[in-house]
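First comes the structure, then the notes that go with it.
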Amino acid sequence: MTQPPPEPPIRPEFRVPPMHPVQAPPALDDPAARKRRMRLGIIGAVVGIGIPLLIVAVGVVIALTASGTGSERWIGLMFVMAAGLLLVGPVQIVTGIVLTAVPNTRPFGVGFLIGSAIGVMVMAGACFGPMLGSSSF
């Protein structure tokens, strides 16, 4: 009698190799390493939130220290904030998405995106708040 042929490593009807269970890396089970990763993630997120808010604060200070009084100052503020919304906002969002895609910088990237969203809301409020709150426009 003849022996049946050995089973191929890839089943022909599926054309995929058989799956094997994957072992978890030992660092995930270590409580000290896990605590360190959590601490670094929180620090990264806080710094990520702070940087876009610092950019917004600098823009507001520059706009408020511009020369002019009364409505001229608010018009200057609106122009600076609109420029920030149109120029700096998209750059911050793309940077945050790239940082979020990389596993090592993910907490910083998420914080950067949150800070960018807060900054865009503050800049939009600074642009349209004086205009909507005043009857002279």
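- To the nearest 0.5 Å, the span separating CD1 on I51 from CZ on F108 amounts to 4.0 Å.
- Under the 4.5 Å side-chain heavy-atom criterion for ILVMFWY residues, a single connected hydrophobic cluster contains both I118 and V120.
- Residues I97 and L113 come closest through the heavy atom pair N-CD2, 4.0 Å.
- I93 and I114 fall into different hydrophobic clusters, defined by Ile, Leu, Val, Met, Phe, Trp and Tyr side-chain heavy atoms under 4.5 Å apart, directly or through other members.
- Taking hydrophobic clusters as Ile, Leu, Val, Met, Phe, Trp and Tyr residues chained together by side-chain heavy-atom distances below 4.5 Å, I42 does not share a cluster with F112.
- A pairwise comparison of heavy atoms in V110 and T100 identifies N-OG1, 3.5 Å as the closest pair.
- Heavy-atom minimum distance, V91 versus T95: O-OG1, 2.7 Å.
- The two atoms that bring P107 and P103 nearest to each other are CD-O, 4.5 Å, heavy atoms only.
- Contact detail for A101 and R106: the closest heavy-atom pair is O-NH2, 3.4 Å.
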